[in-house]
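What follows is one structure encoded as structure tokens, with my remarks underneath.
Source: prediction; values computed, not measured.
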Amino acid sequence: MIAPWWAAVAAATSLAIGELVNRYAFGWLPDDPPRPGRKAHRRPVPLAGVLLLPTILAWCIPTSAWLLGAGLAVAAAIGLEDDRRKEHVDPLGESGLGWRVKAAGLLVAAGLVASATLDFGAQPWGWGAVFSLTFVLTNAVNFLDNTDGVAASLAAAILLLLAYVALPASPAQAVTAAAGFAAIGFLPFNWPWPRLFLGDSGAYCLGLCCSYAVCEAAIADPKWLLATAVPLADFLQVVAMRLWIGVPPWVGDRRHLTHIARNLGVPSGWVAPIFAALAAATALAALAI
């Protein structure tokens, strides 16, 4: 097995080649165009997170993590199609795919990841808990993909700490570490000056990997659920506030913890390191328990 840190090199290489082809040969990546409201960038930015998928699959295949790989492929496909359709909606549009279609795709992906972790027939209640957490956490990581570098650095912190602190040497540990390094490989393209965005495809992939890793660790010791406290806290408070004011939970806004940090005066470039440090701190807090 190739050392997981090579995933950072592989991911960065894939992204660099993909960006060059997109820019100079043919524009195959969807763009995130500037729009009023939540979009702060001034030019279209390619959504290239789908390019992380081949790198992560390169560690799934030799470890026979077939169900996880299938779940990642489903989530990436749903996310990429949504990214493509968003490029062509009206200026105030929020989504290309309907929320029902995206939810159905993510439910399938969550079911595959849950089945990679537990046998439904032997542990139906445990399987249901893993399935639910996977669906929520995948969306939670995507929710935090709203400020340069936050989703990638947060996922990297969660994945690498779980890989090297919580998980024993195993195929799950190798895939988790590779996914964490793949997220690091994406960071130079996204922070502090963004040339590429994750998009839904990349954020869903990293969210599923975080879900798989934390569920693998939590089966042995539930305290490792603390590693995901930051994205889950953001998800719960945002959904609660949207329901309170009568807005559908899937409609984006500027009520996330990252936006609150910016409103408090935190410079944009500091938000990603702060949130990654918070994620690392919650994981290390679990270690101290």
Q: Over all heavy atoms of both residues, which pair between Leu57 and Gly69 is shortest? Give the atoms and the distance, please.
A: CD2-CA, 3.6 Å
Q. Which is it for Leu52 and Leu15 under the side-chain contact (heavy atoms from CB on, under 4.5 Å) test, yes or no, and what are the steps along the way?
A. CA-CA 8 Å; Leu52 296 178; Leu15 289 159; 4.2 Å; yes
Q: Rounded to the nearest 0.5 Å, what's the gap from CG on Asp82 to NZ on Lys102? Could you check?
A: 4.0 Å
Q.
Checking the side chain of Thr134 only, and the main-chain atoms of Ala110 only, is there a donor and an acceptor separated by less than 3.5 Å?
A. no
Q) After noting the C-alpha distance and the side-chain angles of Thr117 and Cys215, does the key distance pass the side-chain contact (heavy atoms from CB on, under 4.5 Å) rule? A) CA-CA 7 Å; Thr117 307; Cys215 289; 4.2 Å; yes
**Q.** Thr138 (side chain) donor-acceptor with Phe135 (main chain) under 3.5 angstrom
**A.** no
Q) Are Val238 and Leu144 grouped together when hydrophobic residues (ILVMFWY) are joined by side-chain heavy atoms under 4.5 angstrom apart? A) yes
Q: Indicate the atoms forming the closest heavy-atom contact of Leu72 with Cys209, along with that distance.
A: CD2-SG, 3.8 Å
Q: Quick one: pull up CG in Leu198 and CG in Leu51 and give me the separation to the nearest 0.5 Å.
A: 11.0 Å
Q) Are side-chain heavy atoms of Ile78 and Val108 found at a separation under 4.5 Å? A) no
Q. Do any pairs count as a salt bridge (charged side-chain N to carboxylate O under 4.0 Å, His left out) and have a residue in residues 255-265, sequence neighbours left out, and if so which ones?
A. Asp253-Arg255
Q | Rounded distance (nearest 0.5 Å) linking atom CG of Asp83 with atom OG of Ser201 | A | 4.5 Å
**Q.** Closest heavy-atom pair and its distance - Leu257, Gln237
**A.** N-NE2, 3.7 Å
Q: Apply side-chain contact (heavy atoms from CB on, under 4.5 Å) to Leu287 and Trp224, showing your working.
A: CA-CA 8 Å; Leu287 180 64; Trp224 293 113; 3.9 Å; yes
**Q.** Check: Pro273 main-chain N/O paired with Ser153 side-chain donor or acceptor under 3.5 Å
**A.** no
Q) Rounded to the nearest 0.5 Å, what separation is found between the CG atom of Leu187 and the CZ atom of Phe189? A) 10.5 Å
Q. Is there a path from Trp66 to Leu112 through hydrophobic residues (I, L, V, M, F, W, Y) whose side chains come within less than 4.5 Å of each other?
A. no
Q.
Between Asp145 (side chain only) and Ala151 (backbone N and O only), is there a donor and an acceptor less than 3.5 Å apart?
A. no
Q. Which pair of heavy atoms, one from Trp59 and one from Thr63, lies closest together, and at what distance?
A. O-OG1, 2.7 Å
(Q) Using the rule that Ile, Leu, Val, Met, Phe, Trp and Tyr join whenever any side-chain heavy atoms are under 4.5 Å apart, tell me whether Trp191 and Leu206 fall into a single cluster. (A) no
Q: Give the ring-plane orientation class for Phe143 versus Phe235, where under 30° counts as parallel, over 60° as perpendicular and anything between as tilted.
A: tilted
Q: Tell me, yes or no, whether the heavy-atom count around Trp127 atom CH2, taken from other residues, nucleotides or ligands under 6.0 Å, exceeds 12.
A: yes
**Q.** Donor-acceptor contact present, side-chain Asp119 to main-chain Gly121, <3.5 Å
**A.** yes
(Q) Quick check on salt bridge (charged side-chain N to carboxylate O under 4.0 Å, His left out): which of Lys86, Arg84, Arg85 does Asp200 satisfy it with? (A) Lys86
Q.
Is there a path of hydrophobic side-chain contacts, each under 4.5 Å between heavy atoms of I/L/V/M/F/W/Y residues, joining Leu196 to Phe26?
A. yes
Q. If two hydrophobic side chains count as joined below 4.5 Å and joins carry through other members, does Val230 share a cluster with Leu236?
A. yes
Q) Taking all non-hydrogen atoms of both residues, which atom of Pro249 and which atom of Val239 are closest, and how far apart? A) CB-CG1, 4.2 Å
Q. What heavy-atom pair brings Ala182 and Ile56 nearest, and what distance separates the two atoms?
A. CB-CG1, 4.3 Å
Q: Could you tell me the separation between the CH2 atom of Trp250 and the CG atom of Asn142, rounded to the nearest 0.5 Å?
A: 15.0 Å
Q: Find the distance between CZ (Phe197) and CG (Asp31) and round it off to the nearest 0.5 Å.
A: 10.5 Å
Q. With respect to Cys210, which candidate in Leu154, Thr176, Ile158, Leu162 satisfies the side-chain contact (heavy atoms from CB on, under 4.5 Å) definition?
A. Ile158
Q. Any side-chain heavy atom of Leu232 sitting closer than 4.5 Å to one from Leu133?
A. yes
Q. Any donor and acceptor pair, going by atom type alone, linking the side chain of Asn22 with main-chain N or O of Trp28 inside 3.5 Å?
A. yes
Q. Has the side chain of Thr258 got a donor or acceptor atom that lies under 3.5 Å from a matching backbone atom of His256?
A. no
(Q) Given 3.5 Å as the limit, does a donor-acceptor pair link the side chain of Ser132 with the main chain of Ala129, or not? (A) no
